[in-house]
> 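Once you've had a glance at the structure underneath, I'll fire off some questions.
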Amino acid sequence: MTYPATWYAAETPKAPGYPALTGMVEADVCIIGGGLAGLTAARELLRAGKGVVLLEAERIAWGASGRNGGFVSPGFALGVEGIIAKVGLAATQQLYALSKAGHDYVWSAIVELAPAALMGSGWLVALRQPGRDELIRHQALMAEHFATDAEVFAPEHTRKMLKSERYFESMLSPDAFHIQPLTYALALARDVARLGGNIHEGSRALSWQRSGGKAILRTNKGQVRAQHAVFCTSGYGGQLFAPLARSVLPVATYIAVTQPLGEKVCAAIATGAAVSDTRRAGDYYRVLPGGRILWGGRISTRRTEPARLAERMRDDMLSVYPQLGTPRMEYAWSGLMGYARHKMPVIEQPGEGLWMATAFGGHGLNTTAMAGQLIAAAIAGGDDRWKLFAPFGSPWVGGPFGQAGVQMSYWAMQAKDRLDERGMVRRRSYRW
Ligand SMILES: Cc1cc2nc3c(=O)[nH]c(=O)nc-3n(C[C@H](O)[C@H](O)[C@H](O)COP(=O)(O)OP(=O)(O)OC[C@H]3O[C@@H](n4cnc5c(N)ncnc54)[C@H](O)[C@@H]3O)c2cc1C
């Protein structure tokens with residue numbers, strides 16, 4: 001069992017593994033999936049006095065949690081405008097506050113457990129076509145109703161930080177920060193173990209059932225009997241737990257990392273903030289130590305890595321920053337995000353003692369922390385704030401038809417993005 005060949009894995013000291021499950025064990029709670037959702041739920045349950053066994057099919061944070069962009073900010077994959085349209089302003093404010101608590105959780109856990117995982121602060125969202133009025137409207141909405149203090153920059157200022165004619169206005173969220181996600185997840189796992197949790201890597205849950213008031217999870221060499229089972233398998237869960245499989249669509253996205261560019265990187269990116277654009281399927285990137293650029297983007301429903309991934313990502317990067325020449329891409333990888341149809345998390349109790357916390361989409365660093373806290377508070381203290389997500393539900397994502405639909409809508413989004421940039425269609429909403 002090894003980690004995928006990411007820059008994160010290369011930079012992370014080899015962690016001692018956790019043993020595979022053998023034999024029969026009992027616990028208050030069995031968590032399935034050792035990503036950030038499962039780890040945070042485990043940590044918070046242990047802190048509330050519950051006994052926890054965590055089953056991870058591969059290694060801790062082997063999935064999206066150990067290979068993502070590392071941007072941490074409040075909010076959800078569905079923007080606040082979309083949430084307001086569905087549940088109204090007051091409920092959106094409550095949801096946003098939960099997402100902010102998730103953001104704050106990551107900050108304090110990092111300060112406490114893994115300060116070295118903190119890599120920088122600020123998130124700059126840049127427009128690829130002029131859009132001052134819309135940006136100002138969004139900034140005002142966020143300031144008035146969600147107490148944010150984002151700053152809007154004119155194109156000239158944006159281009160001092162991002163030296164590309166592709167960009168126009170931009171907005172900086174100073175409270176956001178960026179991290180080394182694998183280091184963070186491994187630190188959480190160590191804390192789970194320190195608190196008395198039993199972590200088992202290489203322990204794929206193969207089946208489950210409820211019997212005698214307990215959930216029974218089977219792996220190839222062992223069995224866990226627990227009062228509660230929490231499924232946190234996201235895009236990697238396959239068909240194990242039907243309520244999750246039917247409501248989560250795995251969507252791939254991609255990252256590549258350049259060779260170290262040293263000071264030369266400033267000819268392109270002169271900000272320590274993480275950067276993204278507002279296209280429907282935009283780029284996200286940041287500068288890493290040594291002047292490497294981590295460049296993320298694209299989405300797809302395919303499970304296999306596309307051919308020439310590193311070159312394609314480099315082409316995307318050079319279409320924004322041709323002045324970078326032809327840097328070598330030293331790493332390129334894919335990862336699966338779990339999306340519900342409504343782009344909001346799915347936090348539910350589909351049966352007695354059965355829970356799922358999933359579908360964080362591309363906004364999972366804060367929302368996994370939020371969900372872990374909510375699930376732990378629900379199991380340990382009967383707290384029912386997780387029900388704030390009930391209006392979104394867990395609609396069927398459409399199986400293979402859903403996959404084909406997402407792929408087609410991505411291609412349509414790309415086409416519309418190109419037309420937008422040429423000013424050929426009227427943009428109706430941005431992805432913040
Ligand atoms: C390339 C990429 C870039 C991203 N960038 C960002 C970003 O910058 N900011 C942000 O907020 N979000 C980002 N995201 C999203 C974020 O990483 C995810 O939403 C989040 O990590 C999901 O965490 P999770 O714990 O739900 O799932 P995962 O981290 O995917 O964990 C699921 C785990 O379950 C395990 N598992 C599956 N089946 C079984 C089984 N049967 N038994 C036991 N274990 C099992 C898997 O091995 C896996 O380790 C990105 C995602 C990707 C892929």
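Quick note: numbers below take in every heavy atom, side chains included, and nothing from hydrogens, waters or symmetry partners.
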> Please answer whether the main-chain N or O of A27 pairs with a side-chain N or O of Q227 as donor and acceptor at a distance below 3.5 Å.
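Side chain of Q227 to backbone of A27, a donor-acceptor pair under 3.5 Å: no, none is there.
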> Taking only residues at least two apart or on different chains, which pairs with a member in residues 183-203 satisfy ring-ring contact (aromatic ring centres under 6.0 Å, His included)?
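Qualifying pairs: none.
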> Mind checking salt bridge (charged side-chain N to carboxylate O under 4.0 Å, His left out) for R286 and listing every partner two or more places apart, or none if nothing turns up?
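Partners of R286 under the salt bridge (charged side-chain N to carboxylate O under 4.0 Å, His left out) test: none.
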> Could you check whether any side-chain heavy atom of K86 comes within less than 4.5 Å of a side-chain heavy atom of H342, counting everything from C-beta outward?
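They are not in contact (no side-chain heavy atoms under 4.5 Å apart), so the answer is no.
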> Is there a donor-acceptor pair under 3.5 Å between the side chain of S173 and the backbone N or O of A176?
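No, the answer is negative, given that no donor and acceptor are paired below the 3.5 Å cut-off.
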> D277 side chain to D283 main-chain N or O, any donor-acceptor pair under 3.5 Å?
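Side chain of D277 to backbone of D283, a donor-acceptor pair under 3.5 Å: yes, one is there.
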> Does the distance from a Lys or Arg side-chain N to an Asp or Glu carboxylate O, for R292 and E330, drop under 4.0 Å?
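Judged by the 4.0 Å cut-off on N to carboxylate O distance, R292 and E330 do form a salt bridge.
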> Are the aromatic ring centres of F71 and H363 under 6.0 angstrom apart?
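No, they do not, as the ring centres are separated by 6.0 Å or more.
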> Using side-chain heavy atoms (C-beta onward) and a distance below 4.5 Å, is F146 in contact with T92?
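F146 vs T92: side chains touch.
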> Of all residues at least two apart in sequence or in a different chain, which pass the side chain to side chain contact (heavy atoms under 4.5 Å, CB included) check with A229?
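I32, A215, L217, F231, L354.
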> H103 side chain to D175 main-chain N or O, any donor-acceptor pair under 3.5 Å?
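Side chain of H103 to backbone of D175, a donor-acceptor pair under 3.5 Å: yes, one is there.
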> Let's go through R204 and E56 carefully: what are the C-alpha distance in whole Å and the side-chain angles of both, what is the deciding distance for salt bridge (Lys or Arg N to Asp or Glu O under 4.0 Å) to 0.1 Å, and is it a yes or a no?
CA-CA 6 Å; R204 180 177 297 278; E56 165 53 48; over 6 Å; no
> When you measure from the side chain of Y284 to the backbone N and O of G69, does any donor-acceptor pair fall under 3.5 Å?
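No; zero donor-acceptor contacts below 3.5 Å.
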> Taking atom CG of D28 and atom CD1 of I379, what is their separation to the nearest 0.5 Å?
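If I round to the nearest 0.5 Å, the distance is 9.5 Å.
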> Is the shortest heavy-atom distance from the side chain of I31 to the side chain of L45 under 4.5 Å?
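Yes - at least one pair of side-chain heavy atoms lies under 4.5 Å apart.
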> Between W386 and W355, is the gap from one ring center to the other below 6.0 Å?
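Between W355 and W386, which both carry aromatic rings, the centre distance is below 6.0 Å.
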> Enumerate the residue pairs fulfilling ring-ring contact (aromatic ring centres under 6.0 Å, His included) with a member in residues 289-311, sequence neighbours excluded, ordered by first and then second residue.
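Non-adjacent pairs meeting ring-ring contact (aromatic ring centres under 6.0 Å, His included): Y285-W295.
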> In Å and rounded to the nearest 0.5 Å, what is the CZ to CD1 distance from R314 to I293?
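R314 atom CZ to I293 atom CD1 measures 12.0 Å (nearest 0.5 Å).
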> Quick one: which of C232, S247, S234 gives a side chain to side chain contact (heavy atoms under 4.5 Å, CB included) with M356?
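Result for side chain to side chain contact (heavy atoms under 4.5 Å, CB included) with M356: S247.
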> For A126, does its backbone N or O pair with a side-chain atom of S170 as donor and acceptor, under 3.5 Å?
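Not a single qualifying donor-acceptor pair exists.
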> Can R312 and D316 be counted as an ion pair, charged N to O under 4.0 angstrom?
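Salt bridge absent between R312 and D316.
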> I'd like to know if the side chain of R225 and the backbone of K214 have a donor-acceptor N/O pair within less than 3.5 Å.
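Absent.
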> Side chains of E58 and Y3: is there a donor and an acceptor less than 3.5 Å apart?
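No, Y3 and E58 have no side-chain donor paired with an acceptor closer than 3.5 Å.
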> Just by distance, no angles: are the side chains of Q180 and T12 close enough, under 3.5 Å, to form a donor-acceptor pair?
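On atom types as modelled, these side chains qualify, holding a pair under 3.5 Å.
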> In Å and rounded to the nearest 0.5 Å, what is the CG to CE distance from L124 to M171?
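Rounded to the nearest 0.5 Å, the CG-CE separation comes to 9.5 Å.
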> Are R43 and E112 close enough for a salt bridge, meaning some N to O gap below 4.0 Å?
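Yes, charged N to carboxylate O under 4.0 Å.
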> Report yes if the side chains of P174 and D149 come closer than 4.5 Å at any heavy-atom pair, otherwise no.
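A side-chain contact exists here, since the closest heavy-atom pair is under 4.5 Å.
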> Only counting residues at least two apart or in another chain, list the ones meeting salt bridge (charged side-chain N to carboxylate O under 4.0 Å, His left out) with E311.
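By the salt bridge (charged side-chain N to carboxylate O under 4.0 Å, His left out) rule, E311 matches no residue at all.
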> Would you say the side chains of R218 and Q209 form a donor-acceptor pair under 3.5 Å?
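Present: a donor and an acceptor within the cut-off.
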> May I ask you to test the F76-F389 pair for a side-chain heavy-atom distance under 4.5 Å?
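A side-chain contact under 4.5 Å exists here.
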> With a 3.5 Å distance limit and no angle check, can you tell me whether Y96 reaches the backbone of M142 through a side-chain donor-acceptor pair?
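Not a single qualifying donor-acceptor pair exists.
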> Judged by atom type as modelled, is there a donor-acceptor pair below 3.5 Å linking the side chain of T258 to the main-chain atoms of M329?
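Flag not set: sc T258 to bb M329 has no pair under 3.5 Å.
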> Is the backbone N or O of A57 less than 3.5 Å from a side-chain atom of S203, with the two atoms forming a donor-acceptor pair by type?
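Side chain of S203 to backbone of A57, a donor-acceptor pair under 3.5 Å: no, none is there.
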> Within the 4.5 Å heavy-atom criterion, are F177 and L118 side-chain neighbours or not?
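Of all side-chain heavy-atom pairs linking L118 with F177, at least one is under 4.5 Å.
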> Using the side chain to side chain contact (heavy atoms under 4.5 Å, CB included) criterion, which residues pair with E352? Sequence neighbours excluded.
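By the side chain to side chain contact (heavy atoms under 4.5 Å, CB included) rule, E352 matches R210.
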> For residues F392 and V346, determine if any side-chain heavy atom of one lies less than 4.5 Å from a side-chain heavy atom of the other.
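Side-chain contact under 4.5 Å: no.
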> Rounded to the nearest 0.5 Å, how far apart are CD of E201 and CH2 of W62?
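So the gap between those two atoms works out to 12.5 Å.
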> Less than 6.0 angstrom separating the ring centers of W208 and F241, yes or no?
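Distance test on ring centres: under 6.0 Å, yes.
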> Find out whether V125 and T278 are in side-chain contact, i.e. whether some heavy atom of one side chain is under 4.5 Å from a heavy atom of the other.
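They are in side-chain contact.
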> Locate the shortest heavy-atom distance separating L182 from A9; write the atom from each residue and the value.
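Scanning both residues completely, I find the closest heavy atoms to be CD2-CA, 3.7 Å.
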